[in-house]
Amino acid sequence: MQIQSPKGTRDILPSEVQTWQWVERVAQSVFGTYGYQEIRTPIFESTDLFVRGVGDTTDIVEKEMYTFTDRGNRSISLRPEGTASVVRAMLQNRLMDGASVLKFYYIGQMFRYDRPQAGRYREFWQIGIEAFGADSPAIDAEIIAAGYQFFSTLGVKDLTLHLNSIGDPACRPKYVEALKAYAKTHLDELCGKCYARHERNPMRILDCKESGCRAVVANAPRLSDYLCDPCRENFDTVKNYLDTLEIDYHEDPYVVRGLDYYSRTAFEFTAGGLGAQNAIGGGGRYDYLAEEIGGAPTPGIGFALGMDRIMIALEAQNVTVPTASPVDVYLAVLGDAAMPVAMKLAQQLRENGVKTDLEYKGRGLRAQMRTANKLNARYVVMIGEDEIGNEAATVRDMGSGDQQLIAFAQLPETMREKVDNYISR
RNA sequence: GUGGAUGUAGCUCAGUCGGUAGAGCGCUUGACUGUGGAUCAAGUGGCCGUGGGUUCAAAUCCCAUCAUCCACCCCA
């Protein structure tokens with residue numbers, strides 16, 4: 001039996017890598033224009049960071065972490081999400097000292113031990129952005145705007161922004177109590193899972209999909225009725241800013257966010273073509289996370305975008321991805337005597353920035369032309385007996401079929417110009 | 001962790017009532033001694049996921065196991 005990649009992981013093959021690189025470029029460029037800088041943090045961290053940061057009753061920590069003991073007897077976990085690490089890095093490097101607002105983005109893989117399905121992997125990629133140091137609702141709106149611009153630059157369609165406020169430590173506990181009390185009066189209508197969690201984490205009932213639970217939820221107390229004045233005011237301001245920026249949103253009381261660290265603004269982007277897992281990004285404010293992991297109180301907000309799901313959406317929605325041919329010039333080599341000449345010319349072309357590939361196996365010209373065609377080469381440069389005698393190569397434009405002779409000495413420069421013209425066309 | 005579906009050529013799949021395998025695409029070559037995409041022809045290619053059982057005989061029936069996909073939970 002062949003060794004396979006572990007369950008829930010996959011290879012990103014050259015045929016798809018152009019799309020990935022393009023998405024990364026768009027992220028760099030869009031988030032860059034909002035003042036965000038890239039940060040790179042370790043792919044594994046102390047387990048404790050996630051236990052305290054993400055929350056020890058969350059599914060992620062309870063059953064989805066890749067945790068192991070290293071040779072120094074430390075408990076280590078592959079990161080299941082990015083925010084905790086970025087907050088840790090911000091605190092550890094004292095980046096907040098003397099700064100007003102800090103803005104970071106990251107791109108990288110995360111790990112969760114889940115059962116794979118469409119749009120869900122054990123190793124998956126996220127692009128995240130985080131802003132620290134300001135609790136102003138302006139940042140909430142801005143960060144949502146950045147996400148929106150990212151998706152629209154990519155051309156992702158059927159995008160919906162779900163928006164909610166989940167309160168803060170002043171008001172959420174009261175709501176949770178009210179919800180718990182309400183749930184107790186409907187225990188027989190809840191599904192098994194929700195029955196089990198109504199004590200410990202009643203807010204999870206809100207996004208349960210079971211019909212019985214949905215019916216219960218329909219008449220449940222609304223968090224929006226329990227928001228304290230500062231939270232309500234904050235939420236209203238966020239919405240006003242979004243209106244100002246002309247960003248559509250759906251107020252959605254059922255956006256709860258599964259991680260413990262969120263407060264106030266919580267949001268989720270969904271897109272079409274994704275199957276059951278249609279959340280393509282999500283995030284919110286986490287003003288208490290820095291304290292939770294032992295740092296000074298530092299307000300923060302951020303979100304994570306699922307790159308794997310972006311890829312699925314782009315594919316399903318037939319979004320055109322800018323691509324570059326892997327080869328500009330294919331050097332056809334005819335006969336053994338031509339090989340040294342071709343090697344030399346290839347080297348010169350490459351030094352001139354022309355993407356060049358050549359025949360290594362001495363096949364017939366027909367086979368070489370087929371290869372050139374398959375590689376989508378724009379030009380084929382033929383080197384055979386005649387060309388060596390004339391010190392000039394036969395250059396074929398694969399688009400038009402036109403051929404001309406170009407002296408070896410002029411070839412690197414001429415091909416460079418031709419390729420530049422071709423690209424700018 | 002739970003449920004459902006599927007494993008046959010590099011890829012997408014067919015294979016009837018059990019008689020040890022087929023198509024299309026791809027690839028190679030030729031038609032066209034040095035000219036791609038189109039057409040035609042030939043060729044290449046499979047321990048029928050793995051292990052066991054039933055049978056004269058198993059891709060096909062039975063059991064187990066592994067893997068993949070989809071869904072639940074939860075999330076991105």
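All values derive from a computational prediction rather than experimental measurement.
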A.B. asks: Partner lookup for C61(B), please. Criteria are Watson-Crick or G-U wobble with both distances under 3.5 angstrom; report none if nothing qualifies.
C.D. replies: G53(B)
A.B. asks: Checking contacts here: which listed nucleotide (A71(B), U68(B), G37(B)) is nearest the side-chain heavy atoms of R370(A)?
C.D. replies: G37(B)
A.B. asks: Q4(A) has a side chain; which of G34(B), U68(B), A76(B) sits nearest to it?
C.D. replies: U68(B)
A.B. asks: Mind checking if A367(A) touches a base, just sugar-phosphate, or nothing, with heavy atoms under 4.0 Å?
C.D. replies: sugar-phosphate
A.B. asks: Using Watson-Crick or G-U wobble geometry with both distances below 3.5 Å, tell me the partner of G1(B), or none.
C.D. replies: C72(B)
A.B. asks: I need the OH-P distance between Y113(A) and A76(B), as an integer number of Å.
C.D. replies: 20 Å
A.B. asks: Looking at U68(B), I'd like to know if its phosphate oxygens (OP1 or OP2) sit under 4.0 Å from a side-chain N or O belonging to K7(A).
C.D. replies: yes
A.B. asks: Which is true for L334(A) with a 4.0 Å heavy-atom rule: it touches a base, it touches only sugar-phosphate, or it touches nothing?
C.D. replies: base
A.B. asks: Could you check which nucleotide pairs with A41(B) in any of the strands shown, counting Watson-Crick or G-U wobble with both distances under 3.5 Å?
C.D. replies: U29(B)
A.B. asks: Need one value for A279(A): base, sugar-phosphate or nothing, where a base atom within 4.0 Å counts as base even if backbone is also close, heavy atoms only.
C.D. replies: sugar-phosphate
A.B. asks: Whole-Å distance between U35(B) P and E387(A) CD?
C.D. replies: 12 Å
A.B. asks: Under 4.0 Å between any heavy atoms, over every strand shown, what does G119(A) touch: base, sugar-phosphate, or nothing? Just pick one.
C.D. replies: base
A.B. asks: Heavy atoms under 4.0 Å, any strand shown: does G401(A) hit a base, just sugar-phosphate, or nothing?
C.D. replies: base
A.B. asks: Would you classify E268(A) as touching base, sugar-phosphate or nothing, given that sugar-phosphate means primed atoms plus P, OP1 and OP2, and contacts are heavy atoms under 4.0 Å?
C.D. replies: nothing
A.B. asks: Should the side chain of R396(A) and the base of U35(B) be counted as holding a donor-acceptor pair, with the cut-off at 3.5 Å?
C.D. replies: yes
A.B. asks: For the pair made of CE in M369(A) and C1' in U29(B), what is the distance, rounded to whole Å?
C.D. replies: 18 Å
A.B. asks: Is there, by distance only and without an angle test, a donor paired with an acceptor across the side chain of Q117(A) and the base of C70(B) below 3.5 Å?
C.D. replies: no
A.B. asks: Would you mind reporting whether L49(A) and I293(A) have side-chain heavy atoms less than 4.5 Å apart?
C.D. replies: yes
A.B. asks: Taking the side chain of E64(A) as its heavy atoms from C-beta onward, which of G34(B), U68(B), C74(B) lies nearest to it?
C.D. replies: C74(B)
A.B. asks: For the base of U2(B), is there a side-chain donor-acceptor partner from R115(A) under 3.5 Å away?
C.D. replies: yes
A.B. asks: Pick base, sugar-phosphate or nothing for R363(A), based on heavy-atom distances below 4.0 Å to the nucleic acid.
C.D. replies: sugar-phosphate
A.B. asks: Report the nucleotide, chosen from A76(B), U29(B), A71(B), that has the shortest atom-to-atom distance to any side-chain atom of R112(A).
C.D. replies: A76(B)
A.B. asks: Go ahead and name the base partner of A23(B); Watson-Crick or wobble counts if both distances stay under 3.5 Å, otherwise write none.
C.D. replies: U12(B)
A.B. asks: Write down the partner of U35(B) under the Watson-Crick or G-U wobble criteria, each distance required to be under 3.5 Å.
C.D. replies: none
A.B. asks: Taking CZ in F44(A) as the centre, count heavy atoms belonging to other residues, nucleotides or ligands within less than 6.0 Å. Is the count above 12?
C.D. replies: no
A.B. asks: What does E81(A) touch in the nucleic acid at a heavy-atom separation under 4.0 angstrom: a base, only the sugar-phosphate, or nothing?
C.D. replies: nothing
A.B. asks: By the 4.0 Å heavy-atom rule, please label G384(A) as base, sugar-phosphate, or nothing.
C.D. replies: base
A.B. asks: Is there a side-chain contact between Y249(A) and I144(A), using heavy atoms and a 4.5 Å cut-off?
C.D. replies: no
A.B. asks: For M339(A) and G34(B), what is the distance between atoms CE and C1' respectively, to the nearest whole Å?
C.D. replies: 17 Å
A.B. asks: Side chains of R363(A) and T371(A): any donor to acceptor distance under 3.5 Å?
C.D. replies: yes
A.B. asks: For M65(A) and C74(B), what is the distance between atoms CE and C1' respectively, to the nearest whole Å?
C.D. replies: 15 Å
A.B. asks: Strictly by Watson-Crick or wobble contacts shorter than 3.5 Å, is anything paired with G18(B), and which nucleotide is it?
C.D. replies: none
A.B. asks: Round to the nearest Å and state the distance from Y105(A) atom OH to A76(B) atom P.
C.D. replies: 21 Å
A.B. asks: Answer yes or no: is there an ion pair linking E177(A) with K180(A), defined by an N-O contact shorter than 4.0 Å?
C.D. replies: yes
A.B. asks: What I'd like to find out is whether the side chain of P80(A) reaches to under 4.5 Å of the side chain of E64(A), using heavy atoms alone.
C.D. replies: no
A.B. asks: For U6(B), which nucleotide in any strand shown is its Watson-Crick or wobble partner with both distances under 3.5 Å?
C.D. replies: A67(B)
A.B. asks: Measuring only between side-chain heavy atoms, which start at C-beta, is L314(A) closer than 4.5 Å to V156(A)?
C.D. replies: yes
A.B. asks: Which part of the nucleic acid, if any, lies within reach of M110(A) when heavy atoms closer than 4.0 Å are counted: base, sugar-phosphate only, or nothing?
C.D. replies: nothing
A.B. asks: Any donor-acceptor pair, under 3.5 Å, between the side chain of Q403(A) and the base of U35(B), if you only look at N and O atoms?
C.D. replies: yes
